[in-house]
Amino acid sequence: EEGLGTSFPSPLHIMVVVTAAAAAASATGGTGITLFDYNRKNFLYDRKLRQETEYQIMDFRIKQAELWREDVKDIVGLTSVKMDTYLIVNAVQLGFCVMAFCEGRLAAGTPTWIIGAHTLSLGGAFMYLLMSVWLSMHASVTAKAYEVRLLTQHVRLPVPTWSQLEGARTYGSAFEKVNATQMFRTPFAMGTQERVLQRSIPATSGVAHAEGDVGPAADAAEGAADGAAGGGQTADLWGLEARGDDLYELDGSIRSDPRNMRHLRLVHEALQYWQSYDGFARVAMSIGTNHLITALAYYVIAYVLVSNRAVVACWLAVLLFMVVTCALIRLDMSLTGFEYRISVLLVTSGPMLCAVAAQQWLLHSYSGDEMVKFLTPVVYLSHAVWLLFLLHVCKVSEQKGGAMLPTGFRSVMYIDIFGWIRSLRPARRPSGGAAEASAQAQPPSSAPPLAPGAGPAVQAVQYDRGRPVALRPEKLAGAALPIPDKIKREDFEPTTFIPRMVDEEDEQLRGSEVEHQGDGSAVFNQRPGYIPWRIFWSATVMMIVLWTISGVFVLLESIGYEGMKVAPLLREEFATSIPDRNFTILQTGVLSKLSGGERLQTTWPRPYIQPHGLACHGAADGASDVLVALSRFGLFTARFDRNAGRGGASVNFTIAQPCAAIEGESLR
């Protein structure tokens, strides 16, 4: 061996080298096992916290949805509370109207122009109050129906499915899929875990997958790539959890403006189907109350002034009623200073002028009668002009969606709790926010074929070419579908509750308003708030026409037209015994029972006097007799010459001299 020049290590040297290699291998293996256990424990600990967090997120989402459902109930409940209040107030006032019709009849002999104004005012009050009751009932029923639809179909609790619950857990074997760099990461020596993750997932190009890759992993990788382009696509240090910014219930950006929140936009869409009924119910109640107070003012004029001659008491009562009416206008309506002054002038001129005319009528003078002829038509005209002006100051405007609201009334603004009516701005849709992301993040339409070990928990841990794919339980196959952000108008059509069938005649009448559906039903393309506005407008126009026509007849009567005159009766049972319009003291029916009786023609100081008592007294000279007739409003005297020829005798009654002892109700 020495001759060959070759040297070999000694056995001792070999033993030392082998021992050192074995020690190094043992140390390396021990270090690797230690690093493996360290990173595995971190992985399992993080995944356990992730499971608890996901379950807590699900609980928070449900609680947030419960608050939204309470919002829907509160908004709709506001209408129900108001309608219940309106119904109570309207029922009480309708009772007043019925009592006024039955128990508050004006005395016989009251001037017809007072009776007409009182009756029209009372009838108008009854009409508007009954309209308010009906509109309130309709608004309450409609609001409750839409509340049930919203709560049962649109604003639901995001209860997680089994796939979401299962996808929130992680199996221990999932650590075997972790990238080797993360699996054997040495603390401090290899840097932080964030830097290791950033090196394994390039943030510039996103995650790519091989052509032809399909299935949840490919879809998830594509979603992760889209998120990587925007930066910050993962929420954990392992690259397995996607961010939850697109969770609608937990998105704080939409809370800055409540009008952006989906459930409020749903309520806003449904509000238009009962908002108009709510608004016009309040308006009809206000105008009905106005008419009722006016009717009471006319009753005071007829009873206190005409029947009892209490001039001062009548004026004070009428003034009080007018102050109440003006106060209601100020409280209920939102008017400019000029509009309010015009309203006060129109609403008070009728009763005030009527009180002046009644006082002049009681004077039984020529100038008083002429003033009555001039003032009475103006009373009716003022009411017609007031109602016409009321249609203008109601300021009915069409809102977004078709609701017609009388914005001239203050109380209507209480419908708009978010200021949509005042600003007349549509609710802004979130752009690029969580709602659109939630609507766009649709899970696969069909679940992948079932295979052993391919449950949601396994699918929640995805790697593409060794790179982790960030996922969320909500995006796994079988997860609950996200709430669509788009609000469809057809979901709120009234005909969707009970589809209305259309016959040929109805179709010809409505023409293009009818939109046929596939099931044979039809949807009427009519503005939802048009019906209450049309009813209110028609009723008001009818009242304007009635006041105008009545004023025309009063004017014709004042100039001598008697086409509408009827024969006054002393007793109803003698209605068929009056041959013409000139009634007599002794009716024909009684005349047959009196032996030697004679029919006497009579004249009176004014028409429509209905006497209910008659007395006579023979004169001392025997040449003439004194006749005294009594009505509800005064005494009338006449002298009868008994020596006048048979058949030519007539009695001319005149107003007796005033006597304080027998004025007012003492005449009865």
- prompt: Does NZ or CZ of Arg330 fall inside the cone over Tyr340's six-membered ring, less than 6.0 Å from its centre and within 45° of the axis?
  reply: yes
- request: Output, in order, the C-alpha distance, side-chain angles, deciding distance and verdict of side-chain contact (heavy atoms from CB on, under 4.5 Å) for Asn652 and Arg639.
  value: CA-CA 7 Å; Asn652 182 20; Arg639 289 188 176 274; over 6 Å; no
- prompt: Taking only residues two or more places apart in sequence, or in another chain, which ones meet Trp547 in a ring pair (Phe, Tyr, Trp, His ring centres under 6.0 Å)?
  reply: Tyr380, His383
- prompt: Is Asn308 reaching over with its side chain to a backbone N or O of Tyr303, donor-acceptor style, under 3.5 angstrom?
  reply: yes
Without placing hydrogens or testing angles, list every side-chain donor-acceptor pair under 3.5 Å for residues 366-374, not counting sequence neighbours.
none

Option passing side chain to side chain contact (heavy atoms under 4.5 Å, CB included) with Asn290 (candidates Asp332, Ile329, Leu390): Ile329
Sidechain-backbone polar pair: Ser286 side chain, Val283 backbone, donor-acceptor under 3.5 Å: no
- request: Output all residues satisfying salt bridge (Lys or Arg N to Asp or Glu O under 4.0 Å) with Lys73, sequence neighbours left out; order by chain, then residue number.
  value: none
Between Tyr277 and Ser140: side-chain donor-acceptor atoms closer than 3.5 Å: no
task: Count the heavy atoms of every other residue, nucleotide or ligand shown that sit under 6.0 Å from CH2 of Trp315, and state whether that count exceeds 12.
output: yes
message: A side-chain contact here means heavy atoms from C-beta on lying under 4.5 Å apart; do Tyr86 and Leu135 qualify?
response: no
task: Report yes or no: do Trp134 and Ser132 form a side-chain donor-acceptor pair below 3.5 Å?
output: no
query: Does a donor on one side chain sit under 3.5 Å from an acceptor on the other, for Trp274 and Thr79?
result: yes
